[in-house]
Amino acid sequence: MTVPARLSVVVPLHDGEEHAEECLESLRDQTLDDMEVILVGHPRGLHPPDHRFTLLTLGDGGDDPGTARNAGAAFATGRYLAFADPGSVVPADAYRALVGALDHTGSDLACGRIRTWTPYSPDQAPVPAAKARLRTHITRHQKLLDDPRAGGTVFRREFWNRHGFAFPAGLGEDFPVTIPAHVLSTSADVLGDVVCLTRGSRPPADPLRRLRAMLEVSDLLGRHAPQLRTAYDLRLAEGPDLEAVLEAVRDRVPDRLAEALGHLDSGAMERLPVLKRLQIHFAAHGMTGELAELRTFAASEIRHRGVLRRGLRRRRWYLDYPFRRDSRLPRSLFDATRDLRLVACVDDVRHADGRLALTGHAYIAHLDSGRSRIELWLQRGEERITLPVRRTRRPDATADSRQSVACHDDSGFETVIALDTLPAGRWALHARVGARGVTRAGRAAGATGERVFDAGNVLVSLTRDRGLTLGPRAAGGPHPDPDGQVSTIRWTESGELVLEGTGRCPAGRIVLERGAERHSWPVRQDEATWTAAIGRTAEGLPLSSGTWRVFALSPAGRDERVCLSPALIADPPRPRVTGFHEVSVRTSRDGELSLAVRPALDPHERGPYATRRRRSAAPRRVTLRNAAVFDSYGGGQYSCNPRAVSEELARRHPDVEIVWATRDGQFAAPPGVRLVLYGSREHEEALRTSRFVVANRRTQPGWYRKPRGQTVVQTWHGTPLKRLGLDLEGMPYAQRVPRDELARQVATWDLLLSPSPFATSALRGAFGYQGEILESGYPRNDVLFDPARARAARRRLGLPDDRRVILYAPTWRDDETTGRLALDPARVAGALGDDDVLLVRAHYLVAREMTIPNGDRIHDVSKFPDMADLLAATDVLVTDYSSAMFDFACTGRPMVFFAHDLERYRDEVRGFYFDFEAEAPGPVLRTGDDVLDVLRHGDLGRFAARYEQFARRYCPWDDGHASARVVARMRP
């Protein structure tokens with residue numbers, strides 16, 4: 001007779017599970033002997049480690065984790081039941097501890113802590129155990145609502161069967177089971193040890209399905225644990241799923257959703273900000289038109305609306321949002337109590353002479369800080385130590401507040417903490433602000449980055465979430481090896497950041513990494529010190545904006561984080577402006593070094609408040625200079641139509657001053673061109689006084705007001721296959737510009753360039769533009785008629801004339817937040833001939849998120865300055881729906897179209913202006929194999945007739961002289 005197992009562990013599997021073998025090995029090594037493991041789904045290629053593992057193969061639906069888990073639970077024989085994700089690892093003693101607790105207490109379920117593995121801490125240092133809570137319940141331990149994953153939970157099988165728990169099919173989520181299980185249990189055991197290591201989040205579920213499941217859990221809480229419902233519904237209302245669903249609502253609210261939203265807990269609704277309350281109210285009452293208008297308001301005008309004080313006897317603050325005077329809506333929807341929140345931040349802390357000097361800012365959102373009161377104190381339990389406050393000017397607080405109504409320039413504070421009189425214990429900094437009859441108090445947060453250092457016998461910790469905490473210094477704590485640590489940071493006159501350290505640096509190069517972008521500089525080693533100078537990149541450009549993690553690259557090719565010395569953590573260098581950037585030094589809790597880079601705009605040059613102030617201060621009359629301001633892709637490039645017009649203008653009229661706006665300093669301009677930082681006073685002065693403004697997008701700053709006599713030339717940046725502007729209505733994924741902002745920009749245009757009659761009609765309708773259009777052809781395509789530019793581009797890329805150059809240049813997808821390439825560049829390059837070379841150019845909006853290999857037969861040209869030069873050097877273009885197809889048609893060279901997602905992109909994401917499949921001047925292919933086959937063996941000449949017709953319709957005026965026609969029309 002077979003004795004049932006004590007514990008059954010169900011593992012859902014499907015093809016391609018990357019870390020499943022590690023999961024199975026961790027289950028094999030469990031110290032709980034009496035257990036069985038059921039592998040459910042399609043576990044092809046995986047071999048059970050021993051006799052305790054059983055394969056349960058499913059047919060249709062076997063790839064769904066919920067279906068697989070339910071099937072495994074029905075097949076299981078154990079007294080206890082657990083579920084392990086194939087991407088997780090279970091510590092060896094975890095199940096023995098969980099089952100042992102249930103045997104001891106008789107509880108219905110037991111769970112422990114779940115820790116996430118990160119790629120930057122692979123060694124996984126031990127985590128101290130927390131306090132265990134046995135025979136508890138979710139109503140007494142509400143933190144169980146925060147992490148409802150099943151991977152760290154063991155259920156009593158009789159309890160599971162009695163309530164008929166089942167994971168929803170197609171959802172891939174645990175909370176529809178775990179939260180009800182905790183609620184319906186008699187008691188639960190919560191262990192303090194880590195019982196599961198997971199490699200991160202699962203693929204996102206459909207927001208509507210997930211939201212419906214959350215609303216069902218909310219309903220269950222209302223029946224069985226109403227004391228939890230307010231907290232749960234607040235999480236639901238503030239979460240991304242409701243936001244995504246409300247964003248997708250168009251003509252009607254999804255079935256049953258309106259009714260469910262109408263039953264959300266009233267206490268949770270009162271704690272929401274006004275915007276969210278209005279959204280939920282409109283959705284619950286089927287007011288889709290009002291919801292759409294509110295959505296437009298939130299995207300464009302919300303930062304410009306403030307609070308109003310209303311009422312006779314009990315005056316209250318209300319937000320001045322749309323529909324405030326609508327009699328159908330209760331006034332309470334606009335009550336700003338929850339929006340008037342405390343914003344308090346410690347920006348810096350320094351240790352000197354036994355004292356800590358703090359700087360920060362504190363204000364109440366939506367209320368001016370001019371007459372506010374700020375109080376600071378250290379708190380430990382009920383004990384408080386009041387701190388002196390010195391008020392300071394902080395216009396940067398206003399600039400970073402993302403609104404244009406309230407001024408927080410007077411919100412700064414400084415204070416000093418005397419450490420020698422500080423009683424022992426753990427203290428936290430709190431703040432209280434009073435303004436306009438409103439008082440808010442709470443714990444002060446910390447600025448971006450984390451710093452932990454010793455100040456005598458006190459451990460100082462400044463983190464973003466917990467703010468400033470002071471505690472006892474740990475005796476005999478770890479002393480990191482000083483080798484490789486940075487002990488000195490200094491700047492050179494030329495703007496290089498020099499890192500210096502004592503001892504030997506274990507690396508030959510210092511690497512800076514941001515997303516997929518990496519740059520490196522050599523390390524110079526002396527007898528007792530090492531030095532690395534971080535300056536311009538290999539492309540000759542400064543670092544772009546963002547946060548750069550700093551690594552040491554060893555000769556073996558391994559990256560290790562570079563850390564600051566304890567003394568430098570306690571006293572890091574101040575931010576430094578170099579060129580167009582401000583560079584700040586940041587650290588992590590472990591002292592790891594990062595560099596935060598941002599455009600060097602001062603507080604009066606950035607943010608909505610500065611925009612509003614600059615609008616009101618703009619002079620009404622100016623004298624225009626003989627100058628032209630150019631802007632390509634919002635200051636991102638020196639390229640496209642503006643570049644061609646700029647160079648033609650400089651050739652024909654050298655007396656005209658040429659000014660280019662750069663948003664991030666990421667391009668080099670030719671001699672004679674003056675660069676100004678986008679949004680700076682220099683940019684403002686240039687736009688206000690120049691006779692001409694030339695741009696290829698709707699990118700003029702919000703404070704721009706066109707002076708009388710100025711000519712604005714909008715070149716745009718491609719013949720439209722994809723819908724634009726006003727024509728995007730009804731495309732739920734497309735990123736739209738608010739109508740009022742589009743109208744404001746279009747109203748400044750004096751001349752719109754068009755490459756064809758087709759484009760003229762499409763652009764007029766898309767932008768609602770009624771002004772002059774010049775069908776000049778596209779200036780950027782002039783280079784395609786210049787063989788010298790093609791040869792120069794090949795030389796710059798290191799490509800000999802006898803190699804066939806294939807350029808893969810896909811467009812971006814509005815429905816994707818990170819870029820990906822549908823065509824595998826390495827596979828394509830490996831399959832092509834020895835005389836072929838593949839160039840890969842990711843779209844500029846997503847290029848920074850991609851890693852593209854480089855080699856003899858494949859080149860990442862995403863950062864190549866100008867697409868026109870790449871097209872000039874290209875023999876075959878592979879694209880999808882990019883406007884590059886219209887430019888390349890001028891050359892007569894072959895094109896291949898990889899349209900793997902044609903129907904979705906055409907019908908759901910962007911929409912087209914014409915039948916792409918019928919008119920494409922080359923094969924339209926659906927698979928990577930088809931693309932490879934055409935590139936190797938295809939007869940592209942069979943598309944000659946269609947190609948000629950395509951070029952005649954979409955680029956009839958391109959002849960190499962479009963720039964001259966535009967400059968002649970400008971009449972400098």
Side-chain angles (χ1 to χ4, degrees), residues 630 632-633 637 639-649 651-652 694-697 713-722 724 751-764 766 772-793 805 807 809 811 841 865-877 879 881-895 897 913-914 916 919-922 940 943-970:
F630 291 86
S632 180
Y633 298 108
Q637 299 179 13
S639 67
C640 194
N641 292 317
R643 176 189 174 181
V645 175
S646 173
E647 293 177 352
E648 184 70 18
L649 180 62
R651 280 192 297 269
R652 291 175 173 263
V694 181
N696 69 346
R697 285 182 60 195
V713 180
Q714 174 58 249
T715 72
W716 201 239
H717 53 273
T719 296
L721 163 64
K722 301 165 286 188
L724 300 169
L751 182 67
L752 175 63
L753 303 190
S754 169
S756 66
F758 162 81
T760 296
S761 175
L763 294 175
R764 276 204 187 280
E772 180 183 355
I773 290 183
L774 176 63
E775 289 186 2
S776 58
Y778 258 175
R780 70 183 185 185
N781 291 341
D782 289 351
V783 303
L784 302 179
F785 297 87
D786 184 357
R789 286 285 286 270
R791 291 191 295 270
V805 176
L807 174 63
T811 193
R841 185 175 179 89
D866 199 334
M867 179 66 170
D869 287 322
L870 289 177
L871 293 177
T874 294
D875 296 302
V876 180
L877 174 65
T879 188
Y881 322 111
S882 169
S883 65
M885 71 176 78
F886 302 99
D887 303 322
F888 199 68
C890 302
T891 68
R893 301 173 202 148
M895 286 185 265
F897 300 92
Y913 282 113
F914 60 84
F916 172 65
E919 295 194 44
L940 297 175
F943 292 91
R946 188 192 290 184
Y947 198 127
E948 182 180 354
Q949 184 178 1
F950 186 89
R952 192 164 52 244
R953 182 181 183 193
Y954 296 112
C955 48
W957 314 123
D958 285 321
D959 58 1
H961 303 289
S963 301
R965 287 190 284 270
V966 175
V967 171
R969 168 58 186 81
M970 291 169 62

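Scope of the values below: all heavy atoms of this structure, side chains included, with no hydrogens, waters or symmetry mates. Index from 1, following the sequence.
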The reported gap from CZ in Phe897 to OG1 in Thr879 (rounded to nearest 0.5 angstrom) is 7.0 Å
Supply the atom-to-atom distance Ser963 OG to Arg643 CZ, rounded to the nearest 0.5 angstrom.
-> 10.5 Å
Mark yes or no for whether Arg893, through its side chain, and Ala872, through its backbone, hold a donor-acceptor pair below 3.5 Å.
-> yes
Would you say Gln714's side chain and Arg697's backbone share a donor-acceptor pair under 3.5 angstrom?
-> yes
Candidate pair Leu784 and Leu871, rule side-chain contact (heavy atoms from CB on, under 4.5 Å), full reasoning = CA-CA 7 Å; Leu784 302 179; Leu871 293 177; 3.8 Å; yes
Report yes if the side chains of Leu752 and Leu763 come closer than 4.5 Å at any heavy-atom pair, otherwise no.
-> yes
Using the ring pair (Phe, Tyr, Trp, His ring centres under 6.0 Å) rule, take Phe886 and Phe950 through it: C-alpha gap first, then chi angles, then the decisive distance, then the call.
-> CA-CA 8 Å; Phe886 302 99; Phe950 186 89; 5.3 Å; yes
Using the side-chain contact (heavy atoms from CB on, under 4.5 Å) rule, pick out the option among Leu753, Thr715, Val967 that qualifies with Pro779.
-> Leu753
Distance-minimising heavy-atom pair for Arg946 and Gly922 = NH1-O, 4.2 Å
Gap between atom OG of Ser883 and atom CE of Met867 - 0.5 Å precision = 8.0 Å
Heavy atoms only: give me the nearest Ala790-Ala873 pair and the separation to one decimal.
-> O-CB, 4.1 Å
Residues Glu775 and Thr760: side-chain donor-acceptor under 3.5 angstrom | yes
Of all the heavy-atom pairs spanning Leu724 and Tyr913, show the shortest one and how long it is.
-> N-OH, 3.1 Å
Considering non-hydrogen atoms only, spot the tightest contact between Asn696 and Cys640 and give its length.
-> ND2-SG, 3.4 Å
Quick one: sort the Phe758 and Tyr954 rings into parallel, tilted or perpendicular, breaks at 30° and 60°.
-> perpendicular
Counting distance only, does the side-chain N/O of Ser646 pair as donor-acceptor with the main-chain N or O of Pro642 below 3.5 Å?
-> no
Compare all side-chain heavy atoms of Tyr633 with those of Ser639 and state whether any distance is below 4.5 angstrom.
-> yes
Return yes if some donor-acceptor pair links the side-chain N/O of Tyr778 with the main-chain N/O of Cys955 below 3.5 Å, else return no.
-> no
If you take all heavy atoms of Asp958 and Phe785, which pair is closest and at what distance?
-> O-CZ, 3.3 Å
Just how far is it from atom CZ of Arg791 to atom CG of Asp786, taken to the nearest 0.5 Å?
-> 8.0 Å
Is a donor on one side and an acceptor on the other found under 3.5 Å between the side chain of Asn641 and the backbone of Trp716?
-> yes
Side chain proximity check, Leu940 to Tyr947, heavy atoms < 4.5 angstrom = no
Could you give the distance from CE (Met970) to CD (Glu648), rounded to the nearest 0.5 Å?
-> 11.0 Å
Nearest-0.5 Å distance that lies between atom CZ in Arg841 and atom CG in Leu877 | 12.0 Å
Would you mind reporting whether Pro757 and Trp957 have side-chain heavy atoms less than 4.5 Å apart?
-> yes
Residue pair Phe630, Leu649: steps toward the side-chain contact (heavy atoms from CB on, under 4.5 Å) verdict | CA-CA 11 Å; Phe630 291 86; Leu649 180 62; 4.0 Å; yes
Report yes or no: does Thr874 contribute a side-chain atom to a donor-acceptor pair with the main-chain N or O of Val876 at less than 3.5 Å?
-> no
Derivation and outcome, salt bridge (charged side-chain N to carboxylate O under 4.0 Å, His left out), residues Arg965 and Asp959 = CA-CA 11 Å; Arg965 287 190 284 270; Asp959 58 1; 3.0 Å; yes
Answer yes or no: is there a donor N or O on one side and an acceptor on the other, between the side chain of Asp875 and the main chain of Val805, under 3.5 Å?
-> yes
Pair Asp869-Arg789, side-chain contact (heavy atoms from CB on, under 4.5 Å): steps then yes or no = CA-CA 7 Å; Asp869 287 322; Arg789 286 285 286 270; 2.9 Å; yes
Could you tell me whether a side-chain N or O of Arg780 sits under 3.5 Å from a main-chain N or O of Ala644, the two making a donor and an acceptor?
-> no
Val713/Arg969 under side-chain contact (heavy atoms from CB on, under 4.5 Å): CA gap, chis, key distance, verdict | CA-CA 10 Å; Val713 180; Arg969 168 58 186 81; over 6 Å; no
